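Notes follow the structure.
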Amino acid sequence: MDAFIINGGRRLSGTIRVNGSKNAALPILAASLLTDQPVTLSDVPDLADISNMLRLLDDLGCQIKRTPASQDAPDDLTITADPKGKSHAKYDIVRTMRASICVLGPLLAKRGEARVSMPGGCAIGDRPVDLHLRGMEALGAQITLESGDIIARAPSGGRLRGNTVFLGGQFGPTVLGTANVMSAATLAEGLTVIENAACEPEVVDLANLLNAMGAHITGAGSPRVVIEGVKSLKGANHRVMPDRIEAGTLILASAITNGQLTITNCPIDSLLALGDRLERVGIHTRATSETGPRGERSTVEVSSERVLKPVQISTHPHPGFPTDLQAQMMALLCLADGNSVITERIFPERFMHVAELSRMGAHLFRQGPTVVVSGVRKLVGAPVMASDLRASASLVLAGLAAEGQTTIRRVYHLDRGYETLDKRLVALGADIERINDQALDA
Ligand code: EPU
C-alpha cells in the first residue's frame, strides 16, 4: 500500500485546475443505463471509484469507449448500454463503492428489475439506503431482500408509475437517493414530485444530463423536483461539473500554507458557505474571471491574513457548509488564534481525523457530534493513518503546514477522490513523496 511522506512548512503558489466532480460523475455514469443510445461524457476524473463504476457498467452490459480529449483533460467516455444486459450489481463490486446503489433506479426503470447487493456501512457511519428503497416503492416497485441483495421489480407491464415521494430522513435529504429516484422517474408513467429533494449541485448536473437525453425535469437544485415521465430517452453529450470538494480542499491547502494559489475551473457558486466561513477566518477568495451564468467555472485567487480567527461551523445539506469539507476545515482551524466549534449534522460519526490530527499536536475536544478546536501555534509532523477519503485530505493539509515530517499511511483512501493529488501539490511547491509503506517497516 502507498504512503506519503510530507515535509511541511512550504508555501504553495501557482495555478491549478479543478478536475471534474467524482460525486457528479458517479450517478451520471449510472444514468447511461437509461438509454440504448451512446452517452458521451467529458471531464470524468480518473479515480478508483470511477473505474469501479465503469467495471460495474461493463458487467451490466455496457460498452465503454475512450476517446482522447485535449492535452490536460481526461479521455472522453462513451457508454452504450445494452438493455438486455444483466440487472445484477454483485457484492464484489458494490462492497468497493457505496455509490453502486446509483444503478438501482436506472436498472429498474429501463429493465423492469434490479438486483443490487446491499451496500454496507463505512468509516463515516452506518449509511442506510432506506430512503432509496422508499422512493422506488413509491414509484410502484416491489422490493424484497434476498441473500444480502435488494431485489426490485417494476409493476406488471414493466413500467414504474409516477407519484409524490417525500425523501426526508433523520439527517435531512439524501443526495444519491434523490439522484436514484429522479433517474428512475424519468421513464415512469405520469408525473413524479420529489419533496425534500437534495439541492446539491451534483443533482442539478445529473438533471442537466437527463434533460439533454430527453427527460422533462424541473426544479432540480430546489427541495421540490418535478419529473414528467417519458417513454424513452436518447443519447447525449455532457461535460461533468468541476469538483466543488476538490476545489474547497485546494482553497484550504492554499490557506493552511499561507500560500497564494490561483484555482481555475473553480465552481465558486457552489462554495458560498465555505467562502462565508473563510472570510471570517481571514482567508479571501476572489474570482478574477467568471465563466458560466453563475460563475460555475471561475478563476479564483486565494489570499490569507497573517492571524487566522476562530469560527463556528455546522455542516448542513447544500447550500450549507458541506460535510465533505468538515475534516479539511478542521485542519485549518487547528491553527487559528482561539477556539472554534465544529458540529457535524450529516454524518455524526465522521470524526476519524480527530485522533490523527491530535497526534500532530492539535488540541481537539469531541463531545458527540461536536468538536471544540482549540487553536495551537503550530502542528508537528507525525506518523498518521488515513481512514476515509476526506479525513485523508485533512491529514495531507495538516502535513503541509506542520513543522517536520508527516507520514500518512493508507493513502488509497485519498486516491479514491483526488486524482494524483501528491503530484499536483508538488507542482505547487509542496514536498511530498509517495512510497510503498513496506519501505517504512523495513
Ligand atoms: N441517509 C439515510 N437513509 C438513506 C440515505 C441516507 O438515513 O436512505 C442518511 C445518511 O446516513 C446521512 C444523510 O442521510 O446521515 C445524508 O446522506 P446522503 O444520502 O445524502 O449521502 P450519499 O448520497 O450516500 C453523498 C456523497 C457523500 C456526501 C453525502 C452528503 C456521493 C458518491 N457521495 O453520499 O460524499 O458526504 O452525499 O453530502 O455522492 C465523499 O465524497 O467523501 C462522500 C462521502
Side-chain angles (χ1 to χ4, degrees), residues 19-31 45 47-50 52-53 56 94 96-105 116 118-138 143 150 165-183 194 196-206 223 240-241 243-249 270 273-274 315-328 344-350 352-353 369 386-394 413-419:
N19 288 323
S21 159
K22 165 181 85 79
N23 288 352
L26 289 167
I28 279 177
L29 283 165
L47 296 167
D49 275 9
I50 298 292
N52 284 328
M53 180 57 90
L56 177 55
V94 175
T96 61
M97 182 192 48
R98 285 186 45 84
S100 307
I101 191 72
C102 294
V103 301
L104 178 70
V116 179
M118 184 76 126
C122 66
I124 67 176
D126 286 346
R127 304 190 72 183
V129 291
D130 56 313
L131 297 172
H132 298 241
L133 303 187
R134 198 201 291 172
M136 298 305 151
E137 277 175 339
I143 309 271
I150 301 159
V165 186
F166 179 76
L167 276 189
Q170 198 188 345
F171 300 103
T174 161
V175 179
L176 291 182
T178 301
N180 235 336
V181 176
M182 185 170 79
S183 297
I194 307 178
N196 205 30
C199 302
E200 269 64 8
E202 292 77 11
V203 172
V204 179
D205 208 31
L206 172 64
V240 174
M241 66 172 283
D243 194 316
R244 65 192 169 101
I245 305 303
E246 181 183 284
T249 305
S270 304
L274 175 70
T315 64
H316 286 286
H318 191 77
F321 193 94
T323 170
D324 292 344
L325 285 172
Q326 176 257 110
Q328 301 91 313
E344 175 54 65
R345 295 196 189 279
I346 312 285
F347 294 111
E349 296 300 322
R350 194 175 201 177
M352 303 292 282
H353 42 289
S387 55
D388 71 77
L389 170 55
R390 307 303 171 189
S392 318
S394 82
H413 288 291
L414 184 85
D415 293 337
R416 282 187 38 229
Y418 297 89
E419 192 178 330

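Source: prediction; values computed, not measured. When a ligand or atom number is given, it counts from 1 through the structure's own listing order.
Among all protein heavy atoms, the one lying closest to atom 23 (O) of ligand 1 is Leu176 N, 2.8 Å. Nearest protein neighbour of atom 30 (C) of ligand 1, counting heavy atoms only, is Thr323 CG2, 3.8 Å. Here the heavy atom of the protein found nearest to atom 27 (C) of ligand 1 is Asp324 OD2, 3.8 Å. Of the protein's non-hydrogen atoms, Phe171 CB, 3.8 Å is the one closest to atom 13 (C) of ligand 1. What sits closest to atom 17 (O) of ligand 1 on the protein, heavy atoms only, is Phe347 CZ, 3.8 Å. Annotation: atom 42 (O) of ligand 1 to nearest protein heavy atom, Arg390 NE, 2.9 Å.
Residue Met97 does not touch ligand 1, judged by heavy-atom distances below 4.0 Å. Counting heavy atoms closer than 4.0 Å to ligand 1, residue Asp130 contributes atoms from both its backbone and its side chain.
For the pair Pro128 and ligand 1, a heavy-atom separation below 4.0 Å is found. Put simply, part of Lys22 is less than 4.0 Å from ligand 1, judged by heavy atoms.
Distances below 4.0 Å separate heavy atoms of Arg350 from the following atoms of ligand 1: 36 (O), 40 (C), 42 (O), 43 (C), 44 (C). Residue Leu389 approaches ligand 1 through these ligand atoms, each under 4.0 Å from one of its heavy atoms: 42 (O). Close contacts of ligand 1 with Val129, meaning ligand atoms under 4.0 Å from a residue heavy atom, involve 4 (C), 8 (O). Numbered from 1 in the order shown, with element, the atoms of ligand 1 that lie under 4.0 Å from a heavy atom of His132 read 8 (O). In summary, the atoms of ligand 1 found under 4.0 Å from a heavy atom of Val175, numbered by their order in the structure, are 18 (P), 19 (O), 20 (O), 23 (O), 37 (O), 38 (O).
At least one donor-acceptor pair under 3.5 Å links the side chain of Asn180 to the backbone N or O of Gly105.
Considering backbone and side-chain atoms alike, Ile346 places an N or O below 3.5 Å from some N or O of ligand 1.
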### Task
Check the pair Arg98, Val129 against side chain to side chain contact (heavy atoms under 4.5 Å, CB included), reporting the backbone distance first and the verdict last.
CA-CA 10 Å; Arg98 285 186 45 84; Val129 291; 4.0 Å; yes

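Using a 4.5 Å heavy-atom threshold, the side chains of His413 and Met352 count as separate.
Between Lys22 and Glu246 no salt bridge is recorded (no basic side-chain N to carboxylate O distance below 4.0 Å).
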